[in-house]
Amino acid sequence: MSKFHEKVEAQTKQIIGQMLGDELLVREGKEQHRQATEPEPTDPGSSNGSDDQGIIRDQRGQEQPKDKERAQRVSRVDRGGDPPGKKTSGDR
């Protein structure tokens, strides 16, 4: 389950717990929300993340490049099947 879904589920538990007066459900929801908002631990064997080229999802669930500045700087090679758009002078 994604972090976004975990957060939503935790908030739902809290709200339902408040509506029912179930303090245990409210506490479970708060704990689940806290765990969902904690940063994920990194592998000690992995790189420091400076060269990570992944795509992540933002709070709205939309895909975003992990390193926005790098994604804007990186050059692309037109392989012929690319959609039309801004092309550099070196391209066709």
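Atom set for the values below is all heavy atoms of this structure, side chains included, hydrogens, waters and symmetry mates excluded.
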Q: Output every pair passing salt bridge (charged side-chain N to carboxylate O under 4.0 Å, His left out) with a member in residues 15-32, not counting sequence neighbours, ordered by first then second residue.
A: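 Found Glu31-Arg34.
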Q: Measuring from Lys13:NZ to His33:NE2, what's the distance to the nearest 0.5 Å?
A: 13.0 Å
Q: Mind checking the CD1-CD spacing from Ile16 to Gln11? Nearest 0.5 Å is all I need.
A: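 Answer for the CD1-CD pair, Ile16 versus Gln11, is 12.0 Å.
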Q: How long is the span from the OG1 atom in Thr37 to the NZ atom in Lys3, to the nearest 0.5 Å?
A: 7.5 Å
Q: Looking only at non-hydrogen atoms, find the nearest pair between Ala10 and Gly29 and report the distance.
A: CB-O, 3.3 Å
